[in-house]
Participant: 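Sending over a structure as structure tokens; questions will come in a sec.
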Number of protein chains: 2
Amino acid sequence: MSSMSAEASIPIPRMASDERRELVLKAATEVFGQRGYAGTTTDQVAAAAGVSQPYVVRIFGTKEKLFLAVLQRALDVMMVAFRQALSEEPELPVSQRMGRAYVDLLQDRGLLLSLMHGFVLGADPEIGRVARCGFLEVYKFLKAEAGLGSVEAAEFLAHGMLLNTLVGIRMTDEYDTNPDAREMLEGSLGAKLPLLLALDHTRTAS
Amino acid sequence: MSSMSAEASIPIPRMASDERRELVLKAATEVFGQRGYAGTTTDQVAAAAGVSQPYVVRIFGTKEKLFLAVLQRALDVMMVAFRQALSEEPELPVSQRMGRAYVDLLQDRGLLLSLMHGFVLGADPEIGRVARCGFLEVYKFLKAEAGLGSVEAAEFLAHGMLLNTLVGIRMTDEYDTNPDAREMLEGSLGAKLPLLLALDHTRTAS
DNA sequence: CGGTGTTGTAATCGGATGATTACTTATTCG
DNA sequence: CGAATAAGTAATCATCCGATTACAACACCG
């Protein structure tokens, strides 16, 4: 009978630290994307990841290191997506493939917004360094691998920053009710607008 | 001789509440622009404005209301600048005048960055409302008053968001040492780059 | 004068939050 | 097995920060 108590308590599944780290990183990306670096608490990240608050700080050391890891992961994911987009569907123009790959990054919730939050915190020594380095990495890729000129690359980046802003400001919330918002979204995104609108539906429908 | 003690203590200059409010608002714009909404303390704003911390919260009620006032002021200043740019130098093309007016807003330290911080906090009910409304106001102006088409307006906004990002990420810090950064800044800003570089010099020289 | 409203501060409070410590439970391996 | 290692948490701490309160000094006005 002494074994009954052991059977009554369901064994809590453990996880390899690598998997757990990745899981927390994804959860942190979502929360940081919505609330920004300073506006996010380690407790909110922990809740989103389904672990305790002390555990997320033990995995990453400090909240700042966690945010830096989120930024680095976002940049890595982006570069992988860009390189894959370059290698596929060679019949389409480069700019179109890159734009499509960029919009597809919205599937990874909070990824582009976490980056954006990092970009506007350039005054912070650590965050600024990673942000500048990552931004320049993208620019170098656009020129050296995607074959864009410096003005074309700037144009691509400009549209990317506008997309980030429109997502961050939640302009799609006004799409159904505000004709101006609708028109602006269409003028800004063109054929890529449906991809953005579809995202909101998956969120509200879940 | 009883008046001597009164003469010894230098009378502290008072200020009309309107002036003081404006002064705090400008100081808050600078600090919020550098550190974001959640990353800024009311104490930092107070120090920048040269008043006590309880006073800045008494003027505005709460920190959030202060940030909303900063956003509203930034939007107002921007619209005034745009309208003035439209009415002056009619020999130049509209887009050039608007772009120039936008870059000139960098003179008001933190103004564009505070806006940017507001834009990426669209998930916040209050901040999001003001940010969306202000952004749409600009778009409507570009179409109705500046006479741009929806795609041209989006193009203008895109370059604005890229400028905001480059300022926020402090890309100009790398201008002298990093050839890639130099090239990207030139490709992004073109003739407006000197205006941006001049700003940093005024800051480091002060 | 003197009293009344306004500008402004010092002191302090209470809640939030990042981090630390100590402990528990599972897994791995000789 | 059983000891060692790793995954994970509960409890708690110390600090920060927005807000409140109570008070001080000055201006205006009768």
Side-chain angles (χ1 to χ4, degrees), chain A residues 2-25 27-28 31-32 34-70 117 121 124 126-127, chain B residues 2-25 27-28 31-32 34-70 117 121 124 126-127:
Chain A
S2 63
S3 61
M4 269 190 70
S5 62
E7 285 170 339
S9 67
I10 301 150
I12 294 148
R14 293 289 174 93
M15 210 176 253
S17 64
D18 295 359
E19 299 174 57
R20 189 62 89 185
R21 188 189 153 97
E22 208 61 31
L23 195 145
V24 172
L25 222 40
V31 185
F32 278 129
Q34 283 218 7
R35 319 179 77 107
Y37 169 58
T40 296
T41 73
T42 55
D43 204 46
Q44 290 166 340
V45 172
V51 297
S52 67
Q53 179 265 338
Y55 197 36
V56 351
V57 357
R58 202 175 65 178
I59 295 176
F60 294 94
T62 67
K63 176 182 160 183
E64 183 173 49
K65 284 179 184 167
L66 167 60
F67 186 64
L68 292 173
V70 164
H117 281 289
L121 289 180
D124 180 284
E126 313 279 341
I127 297 174
Chain B
S2 63
S3 61
M4 269 189 71
S5 62
E7 285 169 339
S9 66
I10 300 150
I12 295 147
R14 293 290 176 93
M15 208 176 255
S17 64
D18 294 359
E19 300 174 56
R20 189 61 88 185
R21 188 189 151 95
E22 208 60 32
L23 195 144
V24 172
L25 222 39
V31 185
F32 278 129
Q34 283 217 7
R35 318 178 79 105
Y37 169 57
T40 296
T41 73
T42 55
D43 204 46
Q44 290 165 341
V45 172
V51 297
S52 67
Q53 180 265 338
Y55 196 36
V56 352
V57 357
R58 203 174 64 178
I59 295 176
F60 294 93
T62 66
K63 175 182 160 183
E64 183 173 49
K65 284 179 185 168
L66 167 60
F67 186 64
L68 292 173
V70 163
H117 281 289
L121 289 180
D124 181 285
E126 312 279 340
I127 297 174

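Computed from a predicted structure; not experimentally measured. Just so it is clear: chains get the letters A, B, ... in the order the sequence lines come, proteins before strands, and each one is counted from 1.
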Participant: So, is A:Tyr55 near the phosphate of D:dT9, with a side-chain N or O under 4.0 Å from OP1 or OP2?
Facilitator: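 The answer is no; no side-chain N or O of A:Tyr55 sits under 4.0 Å from OP1 or OP2.
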Participant: Take atom CD of A:Glu22 and atom C1' of D:dA7, then tell me their distance rounded to the nearest Å.
Facilitator: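 For the pair A:Glu22 CD and D:dA7 C1', the rounded distance is 17 Å.
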Participant: What's the CD-P distance between B:Gln44 and D:dC17, to the nearest Å?
Facilitator: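 Between P of D:dC17 and CD of B:Gln44: 7 Å.
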Participant: Let me know, please, whether A:Val57 or B:Pro54 comes out on the 5' side of the other along DNA chain C by nearest nucleotide.
Facilitator: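 Going by which nucleotide is closer to the 5' end, it is B:Pro54.
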Participant: Please report the shortest heavy-atom distance between B:Asp124 and B:Glu126, naming the atom on each side.
Facilitator: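 Scanning both residues completely, I find the closest heavy atoms to be OD1-N, 3.0 Å.
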Participant: Is the phosphate of D:dG8, meaning OP1 or OP2, less than 4.0 Å from a side-chain N or O of A:Arg20?
Facilitator: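 Yes.
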Participant: Using atom CD1 of A:Ile59 as one end and atom C1' of C:dA19 as the other, report the distance to the nearest whole Å.
Facilitator: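 Result: 15 Å.
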Participant: Kindly check if the number of other-residue, nucleotide or ligand heavy atoms within 6.0 Å of CZ (B:Arg20) is above 12?
Facilitator: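 Yes, the 6.0 Å shell around CZ holds more than 12 heavy atoms from other groups.
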Participant: Mind calculating the distance between NZ (A:Lys63) and C1' (C:dA19) to the nearest angstrom?
Facilitator: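 Checked: the NZ to C1' distance equals 12 Å.
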Participant: Counting only distance, no hydrogens or angles, is the base of C:dG8 paired donor-acceptor with the side chain of B:Arg58 under 3.5 Å?
Facilitator: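 It does, because a donor-acceptor pair links the side chain of B:Arg58 to the base of C:dG8 below 3.5 Å.
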Participant: Counting any heavy atom closer than 4.0 Å, what does A:Thr41 reach on the DNA or RNA strands: base, sugar-phosphate only, or nothing?
Facilitator: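 Sugar-phosphate only.
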Participant: How close or far is atom C1' of D:dA7 from atom CZ of A:Arg14, stated in whole angstroms?
Facilitator: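 Nearest whole value for this atom pair: 4 Å.
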Participant: Between D:dA7 and A:Ser17, is there an OP1 or OP2 to side-chain N/O distance shorter than 4.0 Å?
Facilitator: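 The answer is yes; a side-chain N or O of A:Ser17 sits under 4.0 Å from OP1 or OP2.
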Participant: Think B:Thr42 has a side-chain N or O under 4.0 angstrom from the OP1 or OP2 of D:dC17?
Facilitator: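 Checking D:dC17 against B:Thr42, no side-chain N or O comes under 4.0 Å of OP1 or OP2.
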Participant: Can you confirm whether B:Ile59 sits close enough to B:Lys65 that some side-chain heavy atom of one is under 4.5 Å from a side-chain heavy atom of the other?
Facilitator: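 The answer is no; the side chains never approach within 4.5 Å.
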Participant: Could you report the tightest heavy-atom contact between A:Ile127 and A:Leu68, atom names first, then the distance?
Facilitator: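 Looking at all heavy atoms of both residues, the shortest contact is CA-CD2, 3.8 Å.
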Participant: Can you tell me how far C1' of D:dA6 sits from CG of A:Asp18, to the nearest Å?
Facilitator: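 To the nearest whole Å, that distance equals 12 Å.
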Participant: Centre of A:Phe32's six-membered ring, under 6.0 Å away, within 45 degrees of the axis: is that where NZ or CZ of A:Lys63 sits?
Facilitator: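 No, A:Lys63 and A:Phe32 do not form such a contact.
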Participant: Rounded to the Å, how far apart are A:Phe60 CZ and C:dG18 P?
Facilitator: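 Nearest whole value for this atom pair: 15 Å.
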Participant: Nearest whole Å is fine: how far is C:dT21 P from A:Gln53 CD?
Facilitator: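 Atom CD in A:Gln53 sits about 14 Å away from atom P in C:dT21.
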